[in-house]
Every structure is written in structure tokens, then in C-alpha cells.
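Along the sequence shown, residues carry numbers from 1. All ligand and atom numbering here is 1-based and tracks the order in the structure.
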Amino acid sequence: MKRDRFGRFGALVAMAGSAVGLGNLWRFPYLVGENGGAAFIIVYILLSFVLCLPIFISEFVIGRRSQKNAFAAFRDLSGGSRWKWVGLFTIIVPLIVLSYYSVIGGWSVEYLFKSLTFSFTGESRSTFSTMFTNFVSSPWTPLLCHTVFLLMTTLIVIVGIKDGIEKFSKVMMPLLFVIVLAIAIYAVTLPGASAGLNYLFNPDFSKIDGSSIAAALGQAFFSLSLGFGTIMTYASYVDKKENILFQSTATAVSDLMFAMIAGVAIMPAVFAFGLNPQSGPGLVFDTLPYVFGQMPGGSVIAILFFVALLVAALTSSISMLEVAVAYLVEEKKMSRKWACVILFVICWLVGALCSLSFGPLSDIHINGRNLFDFFDNLSSNVLMTLGSLFTVLFVGWRLKKADIYDEFTNGGTLSRNAKLFGVLWFLIRYVCPVVIIAIFVSGLL
Ligand code: PFF
């Protein structure tokens with residue numbers, strides 16, 4: 001069967017689209033808030049480039065070398081061994097993540113709707129917390145929003161690689177960039193913004209300890225979509241002529257840039273209105289709407305912000321869905337449409353449980369967490385780390401060094417890649433597994 005191919009720019013924006021998501025706009029700013037501002041950012045940058053970039057490249061190599069879905073990639077590159085079960089693992093994990101990601105994607109649908117109907121004006125701070133709590137704990141509206149979000153994701157993926165995912169990313173990623181940048185520029189001109197910038201850019205290393213390093217690593221994995229089979233699957237649609245080092249670095253840099261610009265868009269505004277930057281996951285949905293209600297021109301900024309949040313979430317959610325779609329189409333010979341419909345139903349059901357876990361199902365706990373937190377914690381702290389560990393072990397210890405070299409340097413024709421290969425190989429084979437295991441074990445303890 002002939003597979004679709006991304007164009008060069010298409011591949012770049014699709015990968016960047018997968019990486020840039022709620023992780024950048026929703027998670028990164030509140031983690032920075034909770035973990036000591038700039039010091040956390042420095043640790044995050046180090047981990048992103050020393051540890052995560054080699055993992056990203058490993059996934060890229062597996063995908064592009066095999067030109068297959070994640071299951072077949074592990075199976076065929078290892079000559080049909082048990083590694084294929086790792087492939088299956090990297091297909092199931094993004095489905096779990098997609099299920100609860102879609103719940104938050106749904107919240108951004110609701111908040112976009114609220115901003116379009118100008119619901120953020122003039123009320124007191126507590127009104128917004130109550131608005132948020134009432135919304136997430138009610139049964140129907142969040143469920144409806146989750147459905148809408150998942151439906152949009154599924155429709156884009158049904159259309160296909162070139163006409164769906166690539167076209168959508170090509171239009172939406174530049175738009176996203178312009179919106180987030182515009183909000184950031186506006187935010188730094190607010191009176192009192194400098195306290196927010198100080199907070200972001202003045203490092204306080206006393207805040208850095210084992211748990212903030214683990215948080216930075218978890219965030220870096222999540223933000224770069226590592227350990228999920230996503231990058232592998234997208235890479236399998238990338239042309240053999242493209243430069244893996246360039247594409248991977250460009251994705252990591254744009255991901256970091258988006259996270260930083262999002263920080264600059266959010267923190268100065270939070271400080272300008274004397275609010276607490278450490279308000280956790282609610283930062284975007286309860287602190288920011290209040291800020292929007294206070295600032296001049298805030299209703300327009302609110303609309304732009306929630307459009308950005310929705311777009312960022314969609315370009316990521318489509319990448320999660322594609323992993324399993326590619327598997328069902330290629331291995332189970334399903335039509336793309338049927339694969340999408342079946343996966344929609346599964347993710348909708350799991351997501352519905354997560355959505356209801358803020359309200360009617362809030363009494364159900366696994367390991368002391370509600371269902372949403374359980375899935376979020378399981379996938380971002382355990383499954384994703386395992387996926388990344390398996391990936392580097394596979395590339396570093398199972399595949400042939402000569403094959404990795406061949407793929408990474410396009411048959412020896414890219415001289416810069418050839419020069420850097422030694423360092424990359426060392427990082428993939430030794431540094432990445434050791435550090436991942438160390439952080440994973442310390443996290444478990
Ligand atoms: N990188 C995305 C974000 O930062 O929101 C999340 C994500 C996308 C995770 C795709 C995993 C994935 F496979």
C-alpha cells in the first residue's frame with residue numbers, strides 16, 4: 001500500500017504541532033510558577049537538549065528507517081522479535097493520553113465560547129474560581145465539550161496525512177505563533193509587568209531539588225511528545241532526503257520558544273494584577289479569565305488566547321490519534337474511516353470517565369487520585385518514561401550502529417551529522433538510559 005508523505009515544511013509544522021500543545025500553554029507556565037521560575041527553566045532547557053533531543057532523534061530514526069507504524073517498526077527493525085510488544089505499548093499510551101487530553105481540550109472549547117460571549121467582565125476574583133469549579137464539576141457541559149473536541153480531532157485525522165494533518169498544521173501553526181507572540185508583546189507593556197518578567201528570568205537555585213528536576217524532566221518528555229510513538233509515526237511519513245538532525249532540533253527549539261513566549265504572555269499579566277503565579281492547573285482557566293476581565297482590551301485578548309489554546313491542543317491531539325490509526329490501517333487492514341470511528345469511541349468512553357471524575361465520579365479513587373489525575377500521573381510519570389527508556393535501549397543496544405549512522409547521515413552524505421554522530425551515539429547508548437532510570441527510580445521512591 002502506498003503511504004502518504006509530508007512535504008518538508010509540512011513535516012516541520014506537523015512535528016512542531018505535536019510538540020506545542022497544552023503542555024506549553026497550560027502546563028509549562030504553572031510548573032514554572034510552582035518550581036521557582038527561571039531556575040526551573042534553566043534545568044528544563046538543559047534536560048531538553050542533552051537528554052530529550054537524543055531521544056527525539058532515536059524515535060525519528062526508528063520511524064523514518066522503517067517507514068511503518070510503531071508496531072511494525074519495532075517488529076521489522078528487530079527482525080520480528082519481542083520488541084514488537086514495545087511497539088504496541090507505544091500505540092496504547094497515546095490513546096490513554098488522548099482520552100484525558102481531550103477533556104482539557106474540551107475546557108478550552110468552553111472557555112473560547114465564554115470569551116466569545118464576553119463572560120469575563122467586571123466580576124471579582126472568586127467569581128472566576130467558582131465559575132471554573134462549577135463548570136468542571138457539572139456532568140453535562142464538560143462531557144459535551146470533550147465530545148466536540150474529540151470529534152474535531154477525529155475529523156482532521158480521517159481526512160488523512162497530507163490533506164488533513166499537514167494542511168491543518170500548515171495553516172494553524174503560523175497562526176498560533178502570531179497570536180501567542182502578539183499577546184506576549186501586549187503583556188509586557190502592562191504596568192507592573194516587570195515583576196512577572198523578573199520572576200521568569202531571575203533564577204533562584206535554592207528552589208531546585210530532586211522533585212523539581214523530576215518535574216522538569218516529565219514536562220520536557222510530555223512537551224516533546226516523547227515515549228508515545230507519535231514522533232516515530234510522524235517520522236515514518238518524512239522523506240528520506242530530509243535531515244533528521246535539522247528537523248529534530250527545529251522541533252525542540254520551536255517547542256521551547258512557544259513555552260517561553262507563553263510564559264511571557266501569562267506571567268507579567270498575572271503579576272500586573274497582583275495575583276499568585278502558583279495557582280496550579282487552574283492558572284489558565286481561573287486566574288487568566290479574571291486578568292482578561294481587568295485589562296484594557298481584555299475581551300479581545302481572551303478570545304485570541306483561547307483560540308490559541310484550542311489550536312495548540314488540536315495539533316497535538318491529532319498526532320496522538322494518528323499513531324493508532326496508522327497501526328489499524330496497516331496491520332489490521334481497516335479503512336482509515338473505520339479506524340478513526342473505533343478509536344473515537346474508545347477514547348470518548350475513557351475520556352468521559354475522566355471528565356466525570358471532577359463531578360459525579362469524584363468519589364472513585366485509584367491510589368488516592370481521581371480518575372483524571374490517575375491517568376495523567378500514570379502516563380506522564382510512568383508510561384511515558386518507560387516508552388522513552390525502551391526507545392533508547394532499542395536504538396542504542398538492539399539496532400546496528402551502522403544502520404543508525406546510515407539513517408542519521410542520509411547514507412553518509414550529511415557531513416555535520418556525521419561529525420556529531422559519535423556524541424549522539426554516546427548519549428543514546430549510555431547517558432539517556434542511566435539518567436532516565438535514575439530519575440524514574442527516584443520518582444518511585
Ligand atoms: N506535546 C504535547 C503538549 O505539550 O501538549 C502533548 C503530547 C502530544 C503528548 C502528543 C504526547 C503526544 F504523543
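- Geometrically, Arg429 engages Trp397 in a cation-pi contact, judged by NZ or CZ lying under 6.0 Å from the ring centre and within 45° of the ring axis.
- Checked for salt-bridge contact, Arg75 and Glu331 meet the test: a charged N lies under 4.0 Å from a carboxylate O.
- Judged by a 6.0 Å distance limit and a 45° cone about the ring axis, Lys114 is positioned over the six-membered ring of Phe135.
- Protein neighbours of ligand 1 below 4.0 Å, counting non-hydrogen atoms: Ser18, Ala19, Gly21, Leu22, Gly23, Asn24, Tyr101, Phe222, Ser223, Ser225, Phe228, Thr230, Ser316, Ser319, Met320.
- With hydrogens and angles left out, the side-chain atoms of Asp255 and Asn24 include a donor and acceptor closer than 3.5 Å.
- With rounding to the nearest 0.5 angstrom, the CG atom of Leu361 is 10.0 Å from the SG atom of Cys354.
- For the pair Arg5 and Asp239, the salt-bridge criterion is met [side-chain N within less than 4.0 Å of a carboxylate O].
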